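So the structure is just underneath, and the comments pick up after that.
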Amino acid sequence: MQNVRRSTGRARRAKKEFQFKSRDGGPRNYNKYSTRLRMYDLPPIEEVSLENFERYAVDRLKVLKSIETAKVRWPKRGEEFEKTLRNVLKENLPLSARGDIDEIYDERMKDHLSHFILRLAYCKSEDLRRWFLTQECELFRYRFEGTATEDVNEFLHMHDMKYEPISMDTKRSLAPKLVASGFKLTEQSVMSMDYFQVDFEEALDLVKGRKIYIEKGFGFIPRNELLSIIVGNFRARLSAALTATSKALPQLEEDDRLLPMLSNLSKQYLGTDYGEKRGTGHVSIADLPRLAEESFPLCMRHSYDHIIENHHSKHGTRQQFGLFLKGIGLSLEDALLFWRTEFSKKMGVDKFDKQYAYNIRHNYGKEGKRTDYTPYSCMKIIMSNPPNQGDSHGCPFRHFDMDSLKLRLLQYKVPPKGITEITQLVQNQHYQVACVKYFEITHGKEVPDLALQHPNQYFKESRQILGDPDSQQTQQSGESQKTSSSESGGGLVGATQEKSQTKPSQDEEDAMKEMDGLDLEQFME
């Protein structure tokens, strides 16, 4: 395994803060990771291989992206939110409170290293810094709430946050006032709860909300409200650290092996690779009309309908939809037959074979470099190659104007209430969560743990819900969990709201007129 080494000269001094030093297998300092909670003030100096460097970063990125999705789906938090975070952390970034001392050390070291790796990757722009800061604060909040009292007190002491619980005598003397300043509190509940005395200037948000009792310039804060102050402290420190890192990073002469890795971390698709090796030949042309109605995501159903109606499509659609068909199991022979059958309704077969057949064979790795091209992920569809007039590729939630999106949803039998929920998510730029809502509505089933990152994942989940045995067998064959780099942006942050302004056809205008009998004010705002 190769280690990440420091370069020489001025660059060595400049990047001291960000470097991992080799310990040459020396003894572990178990006191370094004595608590589950961290402020990430001190950069790591551990040895780390290039393989673990990327794996740690990807695992943490999966957690942060799951947090982003969970906050949108369950803005009031609750049981499903807690369950989602608990599962994704257990799988990717566990932090045990008790157990084998070496396992605990490894888990906490991974947490520490992964944070600093992503800090390097997400310090490059204001949007990336804001996204990283928001998700890290939410992760810190979640972990703080699940940490035992003695560990919290140790953490506060380590970071010089002198929030000592007031004595029982002081609490007893203030109990009536503490009860009056709280919400639905009793003297018994006050006495069983820890209260902290802080300068009221540190708790201005709580003072503004009239949530705490103030006396002689001090605020008396219950433990459950103390978290907002500590998270604010964490946010301020991390924000300053990200700004400092962004200023120092251009001066660093990083190892060439790291620069591409750091640049691509904010652009990676983190899900399953849906290439040809997953197994093809399980879907036939005769299946496509039924599958399009039952199991295609909105983007692919729109492309399919456009091809069937117009017997032609532009290059962007042929790439996006053609690779999707490849990923769901349509063989090369059937793919050629499908495209030839539709296109030959407007052109001769010879013209199709001359102008279009090569591209189809190329996508299946039978021409040119014979590369096994993989279907596009959601982020690649959302963030690259927006559709122009007459195109039918792209993401409808991202690229449709609002009226066209509502019309399309209505045509696909989405009820007005569902259209309202979907459009609200779209207006807040939560395009993939809107796709999850569309999935749940069209399948008549809520799927709390579903986080869609790929059109072929949508298809797979749909076939499993509908009990397709061939699909389940296909998913088990050739399954490979690897990270594919896509030309996209980090998260859904900073996406602009440019919409394709496709003029409705006469049929669509007639459909809009038919909608006049409905209470359109519910969803056509």
Side-chain angles (χ1 to χ4, degrees), residues 31-42 67 71 75-78 81-82 85 95 97 112 115 129-130 132-244:
N31 292 328
K32 182 175 182 179
Y33 302 118
S34 58
T35 66
R36 296 174 70 246
L37 298 174
R38 306 204 64 76
M39 277 291 183
Y40 306 106
D41 291 329
L42 298 176
I67 289 174
K71 287 192 302 182
K76 296 182 179 180
R77 306 304 189 261
F81 178 87
E82 299 287 331
L85 264 60
L95 279 183
H112 192 67
H115 170 89
R129 289 195 294 271
R130 186 185 305 114
F132 181 70
L133 182 63
T134 300
Q135 314 316 324
E136 283 287 340
C137 286
E138 189 64 43
L139 176 59
F140 178 84
R141 178 186 296 272
Y142 174 81
R143 284 176 168 171
F144 188 96
E145 290 175 339
T147 301
T149 301
E150 60 271 19
D151 290 336
V152 168
N153 292 337
E154 181 182 355
F155 168 78
L156 297 178
H157 177 75
M158 285 176 56
H159 295 280
D160 199 28
M161 290 184 281
K162 299 178 181 179
Y163 304 127
E164 297 293 338
I166 62 176
S167 66
M168 292 297 293
D169 291 339
T170 303
K171 191 192 304 184
R172 191 174 292 108
S173 65
L174 295 175
K177 298 174 182 178
L178 296 177
V179 170
S181 64
F183 179 71
K184 292 185 177 180
L185 293 178
T186 64
E187 188 166 334
Q188 182 180 2
S189 63
V190 166
M191 295 304 297
S192 64
M193 188 185 310
D194 284 337
Y195 276 79
F196 298 83
Q197 179 178 320
V198 302
D199 291 335
F200 84 95
E201 293 177 345
E202 296 185 50
L204 292 180
D205 288 343
L206 298 176
V207 173
K208 180 180 178 181
R210 299 183 177 183
K211 295 181 178 180
I212 60 174
Y213 172 65
I214 297 177
E215 182 177 290
K216 297 179 180 180
F218 292 101
F220 294 87
I221 303 174
R223 177 176 291 277
N224 61 321
E225 296 293 353
L226 181 66
L227 177 57
S228 63
I229 296 177
I230 298 174
V231 172
N233 192 320
F234 177 85
R235 175 183 288 274
R237 295 191 190 197
L238 180 54
S239 179
L242 284 168
T243 301

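Keep in mind that this is a model prediction, so the values were computed, not measured.
Within the 4.5 Å cutoff, the side chain of I230 has heavy atoms near those of the F155 side chain. In this structure, L139 and R143 have side chains that are in contact, with non-hydrogen atoms separated by less than 4.5 Å. Between T186 and V179 the shortest side-chain heavy-atom distance does not fall below 4.5 Å. Using a 4.5 Å heavy-atom cutoff, the side chains of E215 and L174 are in contact. Annotation: side chain of Y33 is not in contact with side chain of T35 (no heavy-atom distance under 4.5 Å). Side-chain atoms of D151 and L37, non-hydrogen and from C-beta on, never get closer than 4.5 Å to each other.
In this structure, OG on S167 lies 8.5 Å from CZ on R172, to the nearest 0.5 angstrom. Between F200 atom CZ and F218 atom CZ the span is 10.5 Å, to the nearest 0.5 Å. A distance of 11.5 Å separates OG in S228 from CG in N233, rounded to the nearest 0.5 Å. Note: T147 OG1 to R36 CZ = 4.5 Å, rounded to the nearest 0.5 Å. Here C137 contributes atom SG and F132 contributes atom CZ; the two are 9.5 Å apart, rounded to the nearest 0.5 Å. In this structure, the separation between CG on L178 and CZ on F220 is 7.5 Å, given to the nearest 0.5 Å.
Geometrically, R77 engages F81 in a cation-pi contact defined by less than 6.0 Å to the ring centre and at most 45° from the axis.
Using cut-offs of 30° and 60° on the angle between ring planes, the pair F234 and Y40 is perpendicular.
By the 6.0 Å contact criterion, NZ on K211 is open, its count of non-hydrogen atoms from other residues, nucleotides or ligands being 12 or less. Shown here is Q188, whose CD atom has no more than 12 heavy atoms of other residues, nucleotides or ligands within 6.0 Å.
Taking 4.0 Å as the cut-off between side-chain N and carboxylate O, R235 and E136 do not count as a salt-bridged pair. Ion pair D41/R237 flagged as a salt bridge, since at least one NZ, NE, NH1 or NH2 atom sits closer than 4.0 Å to an Asp/Glu carboxylate oxygen.
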Pair L242-R130, side-chain contact (heavy atoms from CB on, under 4.5 Å): steps then yes or no: CA-CA 10 Å; L242 284 168; R130 186 185 305 114; over 6 Å; no

Stepwise side-chain contact (heavy atoms from CB on, under 4.5 Å) check, K184 with S189: CA-CA 10 Å; K184 292 185 177 180; S189 63; over 6 Å; no

M191 and M168: CA distance, side-chain angles, deciding distance, side-chain contact (heavy atoms from CB on, under 4.5 Å) verdict: CA-CA 8 Å; M191 295 304 297; M168 292 297 293; 3.5 Å; yes

Worked check of side-chain contact (heavy atoms from CB on, under 4.5 Å) between F144 and V231: CA-CA 9 Å; F144 188 96; V231 172; 6.0 Å; no

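Here the shortest heavy-atom pairing between M193 and K171 reads O-NZ, 2.6 Å. Nearest heavy-atom pair across I212 and A203 is CD1-CB, 4.0 Å. Shortest non-hydrogen contact noted between M161 and M39 is CE-CE, 3.5 Å. Taking each heavy atom of V190 and A175 in turn, the nearest pair found is CG1-CA, 4.4 Å. Closest of all the heavy-atom pairs between R129 and T243 is CD-N, 4.4 Å. Of all non-hydrogen atoms in I221 and L226, the two that sit nearest each other are CG2-N, 3.5 Å.
At a cut-off of 3.5 Å, with distance as the only test, no side-chain donor of Q197 or Y195 sits close to an acceptor on the other residue. Remark: the T170 side chain and the S173 side chain contain no N/O donor-acceptor pair separated by less than 3.5 Å.
In this structure a side-chain-to-backbone donor-acceptor pair under 3.5 Å is present from H112 to L42.
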